[in-house]
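Before any comments, here is the structure.
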Amino acid sequence: MDEDLDALVRRADEDRWLASRFAASDLRGRLIAIYALSYELAHVAETVKTPAAGDIRLAWWRDALSEILAGNRPRAHPVLSEFALAHRHTPFAGDVLQRLIDARGRDLDPHPFASLDDIADYLDATAGAVLRLAITACGGVTSAHDAFISKAAEAWGFAGLLRAEPVWRARGRRLAPRD
């Protein structure tokens with residue numbers, strides 16, 4: 001496991017980092033790779049000045065992950081290197097990753113949610129995707145528990161959105177749905 005990524009996840013997503021401590025040591029690196037990827041994708045909106053720049057960064061991540069899923073060598077990035085190792089042990093579903101990246105594109109919109117259903121879909125595509133990837137990395141089957149995963153992701157995600165709401169507001173973004 002990459003110690004720098006472990007430190008990144010500990011700093012950026014301490015709850016998931018702490019949860020990873022309960023995993024067997026051979027699984028911990030896979031979980032850290034997933035959580036670091038989640039951080040990198042979520043962090044895109046915080047690091048760009050325009051939505052177009054964010055779209056370019058998300059396209060780069062989409063292409064880089066597609067290359068890994070196709071069996072190609074990962075691009076030179078520590079998160080991609082660790083994610084490729086995790087993918088070799090337990091192959092991840094490309095549709096889950098694509099949905100995660102697409103949802104992170106909504107982070108670039110100052111008013112991304114028209115309804116509570118939009119928020120629930122977003123949370124399932126973000127927090128739900130991370131949970132699905134983690135379950136897969138641990139050898140579980142997500143399809144048997146999809147309704148539970150969606151509800152757990154919604155609870156986790158709403159808590160995260162509420163914690164982030166002051167930051168969103170300071171950046172001129174709106175969490176509340178338009179309806």
Side-chain angles (χ1 to χ4, degrees), residues 1-13 16-17 20 27-113 118-119 121-143 146 149-150 153 156-157 160-161 164 168 171 173:
M1 174 173 49
D2 184 303
E3 296 302 321
D4 290 336
L5 288 186
D6 191 60
L8 169 74
V9 172
R10 185 175 190 179
R11 185 177 64 254
D13 194 348
R16 285 188 176 120
W17 179 84
S20 75
L27 300 176
R28 196 170 299 142
R30 296 178 209 168
L31 294 173
I32 291 299
I34 292 164
Y35 302 152
L37 174 65
S38 174
Y39 167 76
E40 289 289 343
L41 295 173
H43 192 63
V44 166
E46 298 170 15
T47 60
V48 297
K49 294 186 181 195
T50 66
D55 289 338
I56 291 168
R57 286 194 184 190
L58 290 173
W60 184 89
W61 281 101
R62 181 178 287 108
D63 293 346
L65 290 168
S66 293
E67 291 165 6
I68 290 171
L69 295 179
N72 298 328
R73 188 174 161 176
R75 295 179 184 186
H77 191 287
V79 170
L80 293 173
S81 297
E82 288 297 311
F83 191 82
L85 286 173
H87 176 66
R88 269 187 249 144
H89 288 284
T90 53
F92 298 114
D95 62 323
V96 173
L97 290 166
Q98 294 307 317
R99 191 165 176 237
L100 172 60
I101 295 167
D102 291 345
R104 285 300 175 191
R106 296 185 82 170
D107 294 346
L108 303 167
D109 183 346
H111 306 288
F113 308 118
D118 283 350
I119 295 175
D121 289 343
Y122 170 83
L123 296 175
D124 190 53
T126 54
V130 173
L131 185 52
R132 285 176 181 87
L133 292 168
I135 290 169
T136 299
C138 292
V141 177
T142 61
S143 59
D146 202 58
I149 292 168
S150 292
W156 181 280
L161 284 176
W168 277 45
R171 292 187 178 144
R173 299 186 69 218

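Small disclaimer: the values here were computed from a predicted structure and weren't measured.
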Separation of [Y] [atom2] from [X] [atom1] (nearest 0.5 Å):
X	Y	atom1	atom2	value
Leu69	Glu67	CG	CD	10.0 Å
Ile32	Asp4	CD1	CG	12.0 Å
Asp13	Tyr35	CG	OH	8.0 Å
Ile135	Leu31	CD1	CG	10.5 Å
Leu131	Arg16	CG	CZ	8.0 Å
Thr126	Leu41	OG1	CG	10.5 Å

Test item: [X] side-chain N/O and [Y] main-chain N/O as donor-acceptor pair under 3.5 Å:
X	Y	value
Arg132	Ile149	no
Ser81	His77	yes
Arg30	Ala137	yes

Are any non-hydrogen side-chain atoms of [X] and [Y] less than 4.5 angstrom apart?
X	Y	value
Ser66	Gln98	yes
Leu133	Leu97	yes
Arg173	Asp109	no
Leu123	Leu161	yes

- Task: Verify side chain to side chain contact (heavy atoms under 4.5 Å, CB included) between Phe113 and Arg106, making sure each step is shown before the conclusion.
- Result: CA-CA 8 Å; Phe113 308 118; Arg106 296 185 82 170; 4.1 Å; yes
So, are [X] and [Y] salt-bridged, with charged N and O less than 4.0 Å apart?
X	Y	value
Asp107	Arg104	yes
Arg99	Asp124	yes
Arg62	Asp102	yes

Which atoms form the tightest heavy-atom contact between [X] and [Y], and what is the distance?
X	Y	value
Tyr39	Ala12	CD1-CB, 3.4 Å
Leu5	Val79	CD2-CG2, 3.6 Å
Ile68	Ala84	CG2-CA, 3.8 Å
Ala129	Ala125	CB-O, 3.1 Å
Ile101	Leu65	CD1-CD1, 3.7 Å
Leu8	Ala36	CD2-CB, 4.3 Å

- Message: Side chains of His43 and Glu40: any donor to acceptor distance under 3.5 Å?
- Response: no
- Task: Indicate whether the side chain of Arg57 and that of Thr47 have a donor and an acceptor atom separated by less than 3.5 Å.
- Result: yes
- Task: Any chance you could lay out the side chain to side chain contact (heavy atoms under 4.5 Å, CB included) test for Thr50 and Asp55, step after step, and finish with the verdict?
- Result: CA-CA 9 Å; Thr50 66; Asp55 289 338; over 6 Å; no
- Query: Strictly under 6.0 Å, is that where the ring centroids of Trp168 and His111 end up?
  - Reply: no
- Check whether more than 12 heavy atoms from other residues, nucleotides or ligands sit under 6.0 Å from atom CZ of Arg10, and answer yes or no. no
